Amino acid sequence: MTDKYCVIGNPIAHSKSPEIHPVYARQTGQELVYERCLAPLDGFAATVKQLVADGYRGANVTLPFKIEAAQVCTRLEERAKAAGAVNTLVFANGEIIGDNTDGPGLVADITRNAGRAIKDKRVLLLGAGGAARGALLPIIGQGPREIVIANRTVATAEALARDFAKYGVPISATGFDGIEGSFDIVVNGTSSSLAGDLPPVPASVFGPDTLALDMMYGNQPTVFMEFAVSHGATVRDGLGMLIEQAAEAFAIWRGVRPDTADVFRKMRP
Ligand code: NDP
């Protein structure tokens, strides 16, 4: 029987994951199907149970279920625990194992695709929601010199900084008006781009050597990307993060890491 996977969300029609995984499967010679799965807003756990009963081998999880997904797992990998959220499920031997590949996807996009080292660099993370939390441990794993988390609600950023202080990298929290100096890497992990808004970040954070990455992606540059580029930064959107998190999930399921260049060419010719 062909191995079955899917992406669970609500809504789900917009998800690009079913375009990505078949490319990885062809490239690596793996036989599998990957579908969209719409779960009722109050029926995530029941949907997962049904997928297991139907013989699925795993699933990705997207909005709004990433936090709830951590609760249905029988075991969580370290990075899912740190993120407090799950985007990849493995169904094996009666277990539901939860992992989070969003942060590793972001780091892979910065280090491999953009060719920027994070080690010894100053990193500014805008936002303190689920995506920002998921990004922190993988960024810390690269050994940055310093991480500053800036968020509209400062208390949320402070809580994040506290949770991740134990890993030994200098990490601080601030509101947007307290950001000081320029940064090597600026990641917009707020959802402000969804509404076409610019987080009120000072232009002084950008310089000619800054990489500014917006986790959001679309056909047009976001206002954050336009602002950053107008102040000298090199910019990227979140498509690379999406493609890389999918490659990481594929590697967890199939034991082989696909080359993401084929998917980049397909999705952004
Ligand atoms: P959450 O809802 O968990 O967090 C939202 C964050 O954005 C909070 O820190 C919130 O601040 C902040 N925020 C919202 N509106 C504004 C605004 N107008 N100005 C300033 N800050 C604002 O969202 P997620 O963390 O799940 O997602 C964040 C972004 O990351 C989304 O755009 C999402 O699409 C993208 N994403 C991309 C992925 C990819 O693969 N490329 C994967 C996952 C996410 P406050 O605490 O004050 O409310």
Side-chain angles (χ1 to χ4, degrees), residues 7-12 14-21 60-70 79-80 82-88 99-110 113-114 124-139 148-161 163 173-179 186-202 205 212-225 227 235-250 260 263-264 267-268:
V7 54
I8 314 166
N10 186 332
I12 200 60
H14 68 286
S15 172
K16 293 197 183 296
S17 295
E19 295 171 40
I20 298 175
H21 284 279
N60 284 130
V61 181
T62 189
L63 293 176
F65 299 123
K66 287 186 188 184
I67 291 172
E68 194 178 345
R79 53 198 189 182
V86 160
N87 82 331
T88 302
D99 205 337
N100 193 314
T101 66
D102 283 336
L106 172 73
V107 165
D109 189 51
I110 292 172
N113 304 331
L124 174 62
L125 181 59
L126 308 174
R133 176 176 277 277
L136 273 170
L137 193 57
I139 290 175
V148 176
I149 308 169
N151 196 43
R152 186 174 59 182
T153 310
V154 183
T156 320
E158 286 171 343
L160 261 195
D163 286 354
T174 179
F176 289 105
D177 55 1
I179 304 173
V186 180
V187 175
N188 184 13
T190 73
S191 52
S192 62
S193 297
L194 289 171
D197 292 335
L198 180 68
V201 55
V205 302
L213 187 150
D214 198 331
M215 287 194 189
M216 183 163 144
Y217 53 87
N219 294 330
Q220 303 297 326
T222 65
V223 279
F224 169 78
M225 290 164 69
F227 182 68
V235 294
R236 290 181 82 73
D237 70 3
L239 183 66
M241 175 180 173
L242 174 82
I243 290 171
E244 294 295 339
Q245 67 73 27
E248 195 70 29
F250 190 92
T260 53
V263 172
F264 269 103
M267 298 185 80
R268 191 159 281 163

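Reckoned from all heavy atoms, side chains included, excluding hydrogens, waters and symmetry mates. Both counts, for ligands and for their atoms, begin at 1 and track the order of listing. It should be emphasised that the depicted structure is a prediction, and the values quoted were computed from it without experimental measurement.
Counting only N and O atoms by type, the side chains of Asn87 and Asp102 include a donor and acceptor under 3.5 Å apart. Ser193 and Asp214 form a side-chain donor-acceptor contact under 3.5 Å, judged by distance and modelled atom types alone.
In terms of N/O distances under 3.5 Å, ligand 1 is not approached by Met216. Considering backbone and side-chain atoms together, Leu194 places no N or O closer than 3.5 Å to any N or O of ligand 1. Distances between N or O atoms of Lys66 and those of ligand 1 include no value under 3.5 Å. Considering backbone and side-chain atoms together, Gln245 places no N or O closer than 3.5 Å to any N or O of ligand 1. Looking at Asp102 next to ligand 1, no N or O pair under 3.5 Å apart turns up. At least one N/O-N/O distance between Ala128 and ligand 1 falls below 3.5 Å.
Between Leu198, Asn151, Leu63, it is Asn151 that holds the heavy atom closest to atom 10 (C) of ligand 1. The option with the heavy atom closest to atom 21 (N) of ligand 1, from among Ile67, Thr190, Leu106, is Thr190. Nearest residue to atom 24 (P) of ligand 1 from Ser192, Gly240, Ala131 is Ala131 (criterion: closest heavy atom). Nearest to atom 7 (O) of ligand 1 by heavy atom, out of Ala150, Ser191, Gly127, is Ser191.
Between the Thr101 side chain and the Pro104 main chain, no donor and acceptor come within less than 3.5 Å of each other. At distances below 3.5 Å, not a single donor-acceptor pair connects side-chain atoms of Asn100 with backbone N or O atoms of Ala83.
Between Gly127 and Ala132, the closest heavy-atom pair is O-CB, 3.2 Å.
Put simply, no part of Ser193 is less than 4.0 Å from ligand 1, judged by heavy atoms. Within the 4.0 Å heavy-atom shell around ligand 1 one does not find Arg133.
Of all the atoms in ligand 1, the ones that sit under 4.0 Å from a non-hydrogen atom of Thr153 are 45 (P), 46 (O), 47 (O). Residue Gly189 has at least one heavy-atom neighbour below 4.0 Å for each of these atoms of ligand 1: 28 (C).
When hydrogens are left out, the protein atom nearest atom 16 (C) of ligand 1 is Arg152 NH1, 3.3 Å; that is the closest non-hydrogen contact. Counting only heavy atoms of the protein, atom 37 (C) of ligand 1 lies nearest to Met215 O, 3.3 Å.
In this structure, atom 33 (C) of ligand 1 is not in close contact with the protein, since no protein heavy atom lies within 4.0 Å of it.
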